[in-house]
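This report concerns only the one structure given below.
Values reported hereafter were calculated over all heavy atoms of this structure, with side chains retained and with hydrogens, waters and symmetry mates removed. Residues take their numbers from the sequence shown, with the count starting at 1.
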Amino acid sequence: MAKALLVDDEKYIRNGIRAIISRAGSIFTEIDECVNGIEALNRLSENRYDLVITDLIMPQIDGIELVSRIDGMEYKPYTVVLSGYDDFKYAQKAIKYGVKAYLLKPVDRNELLNIVKKAEEEYIKRQNTDVKTNTGDREEFFSNQFKLMLLSDNTTREEEEKLLKTCGMDFENEAYRVVTVNSCEVYEAGDKLESNLSLVAKLRNCLNETGTFGFYFLDNRDNAVLILNTETDVKNLLEAVDRMFGTRCTAGIGGTFTDVSEMRRSYNQSDYALKYKLLVPDSSVIYYSGIAEPDSNFVLPVRLVKNLTGMLDTERKDELCKVINQIFDEKAVRKYHLEYLEKLSACLKLEIIEYLSEHIPHKIEFIKEQEDSFKSIFEFHNINDFTRYIKKFVLSINEVLLQFKSICSTDKTIEMAVKYVQDNYRNDLTMAEVANHISLNYSYFSILFKEKTGMNFVDYLRMVRIEKAKDLLQNSIYKIYEVSEMVGYNNTKHFTTTFRALTGISPKEYREKLYIN
């Protein structure tokens, strides 16, 4: 698999870049992280990376030194430098060492994805050259090619036929099918990408162990996708994965194809069959051909949904749960299948958000939070799990609406929260901790705190810490790193960045200014 390395001492930046690349369905499915240049050089000496994205400003070994070392390596990855400083001289130095692109913080998502796409193209070209001389890389190369072919609209019929000829697929004597697989762990752990990355590696090992012909990759929704000939017993393959690695799986199987033009159809069918797991949670292998045709002549129970929202902001919790059970009636769900479920889920979400927008229009952040946190039905193992989630979601909103009614006592409550921040700003303080201290719902406290202080919690805590730091900097006995720790920042660089953002100058400059005056 194509591998990427992210080098930056700011964790939130690494997390952001990782998320953008992963969610785009990139072929860079294995992404490692480093916090500095020394650690990066150690990783590069032990592993072969195809894409490196590195910060320029780092302690000990900066980004320029790192890319100069990379330029001297036998296998040179596609290298991109990242900096918060719009300094063309830095860019010139980096480009001299073979750097392909220069990104400024904060990273623009579309700009990053364009660069990643170019890195993918270079990787494929390199693999295409290597595969002619190194047969050990053939499977990985063809798997990446199949991913691009199935998930991209940019490949031509000629390119697809050429790939199929060289990869060993024999359409004259065999038929093939696409199989989409999920590790059962994704419904429990919630980290679908990591679970299915591990699953792909296990499937590859099982295919190699048994000498089974096949290709494998992750699609844009982080499902594992296999292309197998029809002779392969998928159930036996999944049982082998469970037996060898203790990983239970579910597979959706598309129809057979004997021509490249039919492959996408088979993939779409396998994807639908895997989603059908919601309705048959005990089945490990689901054939698209075995799914009964759904009745598309349905009417959504809109009146029931409106009854549900009409009971919000009341103490009728049991009745809310009863109506949810009626909305997701098992007979209707099984009769109408996935389209019904998707539209019903969307209808429920829309009605709830419209109710909140009408009744508490001034609580914009709370409404947006509920809209963003509403989960897709396909994140659940079965329909019962989804129904339980909806009950929890609705009851949580109801609780917050009820708390809004008791707004008269909020001034004193926020005063308690402010005092707690003033007393504990040195600690690793979180909004959840403060909300628990004053016995308020997390979401409600977030909205209330901003209403009463004019700032969100994170900004307020940052302001308190920097004001305390300004007082401490007036005393010359404290070094800057000591002041940083005394106000709750273990990372001096982070402290300096925050101080500059709020005051316009660094802690050192602030202290010097005091002495001059």
Side-chain angles (χ1 to χ4, degrees), residues 1-8 14 16-33 40 43-44 47-54 67 70-71 73 75-82 94-95 98-103 107-132 134 136-160 162-164 166-167 178 193-194 196-197 200-201 204 215-227 260 263-264 267:
M1 293 182 188
K3 296 178 66 174
L5 180 66
L6 309 181
V7 190
D8 196 298
R14 299 197 308 271
I17 294 174
R18 172 189 282 273
I20 290 171
I21 295 175
S22 299
R23 289 169 187 165
S26 168
I27 63 174
F28 296 105
T29 51
E30 193 171 336
I31 304 174
D32 292 335
E33 299 178 21
R43 288 289 188 95
L44 286 159
N47 303 278
R48 194 174 86 167
Y49 291 95
D50 308 290
L51 169 64
V52 173
I53 301 176
T54 178
V67 298
I70 290 174
D71 192 45
M73 294 179 177
Y75 184 89
K76 297 180 180 63
Y78 192 99
T79 307
V80 180
V81 293
L82 177 69
I95 292 169
V99 168
K100 303 290 187 179
Y102 183 80
L103 280 171
V107 174
D108 179 84
R109 180 181 181 277
N110 291 330
E111 190 176 356
L112 173 61
L113 290 179
N114 284 335
I115 289 172
V116 170
K117 184 178 179 181
K118 291 177 182 176
E120 289 177 340
E121 290 170 356
E122 182 163 304
Y123 173 80
I124 293 296
K125 287 178 183 176
R126 177 180 267 177
Q127 292 293 304
N128 200 8
T129 302
D130 292 346
V131 78
K132 295 174 182 176
N134 186 356
D137 291 336
R138 288 177 63 85
E139 287 182 9
E140 181 180 344
F141 167 70
F142 287 128
S143 292
N144 285 321
Q145 289 280 50
F146 273 116
K147 177 173 183 175
L148 290 175
M149 192 195 320
L150 273 183
L151 306 180
S152 170
D153 295 325
N154 297 327
T155 56
T156 65
R157 168 84 183 196
E158 184 181 358
E159 289 171 331
E160 292 169 352
K162 182 180 178 182
L163 170 63
L164 296 177
T166 55
C167 76
V178 179
L193 175 62
E194 291 298 325
N196 280 349
L197 272 175
V200 166
R204 178 189 62 213
F215 301 101
Y216 42 83
F217 53 87
L218 286 184
D219 67 11
N220 291 340
R221 288 186 292 277
D222 298 330
N223 295 318
V225 178
L226 297 171
I227 299 174
V260 64
M263 189 158 56
R264 279 196 181 91
Y267 166 67

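Across every non-hydrogen atom of Tyr49 and Leu5, the tightest pair is CD2-CB, 3.8 Å. In terms of heavy atoms, Lys3 sits closest to Asn47 at NZ-OD1, 3.5 Å. Closest non-hydrogen pair, Val80 versus Leu51, comes out as CG2-CD1, 4.2 Å. Residues Asp219 and Tyr267 approach most closely at OD2-OH, 2.8 Å, considering heavy atoms. Heavy atoms only, all atoms of each residue included: Arg43 and Asp32 are closest at NH1-CB, 3.1 Å. Contact between Met73 and Lys76 at its shortest, heavy atoms only, is O-NZ, 3.1 Å.
A side-chain contact (heavy atoms from CB on, under 4.5 Å) with Leu82 is found for exactly one of Leu112, Val107, Thr54, Val7, namely Val107.
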Legend entry - Intermediate values then yes/no, side chain to side chain contact (heavy atoms under 4.5 Å, CB included), Thr29 and Val200: CA-CA 10 Å; Thr29 51; Val200 166; over 6 Å; no
Inset, instruction - Determine, stepwise, if the pair Met263 / Ile227 fulfils side chain to side chain contact (heavy atoms under 4.5 Å, CB included). - result: CA-CA 9 Å; Met263 189 158 56; Ile227 299 174; 4.1 Å; yes
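Going from atom OH of Tyr78 over to atom CD1 of Ile53 covers 10.0 Å, rounded to the nearest 0.5 Å. Taking CD1 from Ile20 and CZ from Arg109, the interatomic distance works out to 6.5 Å, rounded to the nearest 0.5 Å. Atoms CG and NZ, from Asn114 and Lys118 in turn, are 6.5 Å apart once rounded to the nearest 0.5 Å.
Between the side chain of Glu111 and the backbone N or O of Leu103, no donor-acceptor pair lies under 3.5 Å. The backbone N or O of Ile31 lies less than 3.5 Å from a partner atom in the side chain of Arg18, making a donor-acceptor pair. A donor-acceptor pair is defined here as one N or O able to donate and one able to accept, closer than 3.5 Å; no such pair exists between the side chain of Asp71 and the backbone of Val67.
Side-chain contact between Asp50 and Tyr75: present, with at least one pair of heavy atoms (C-beta onward) separated by less than 4.5 Å.
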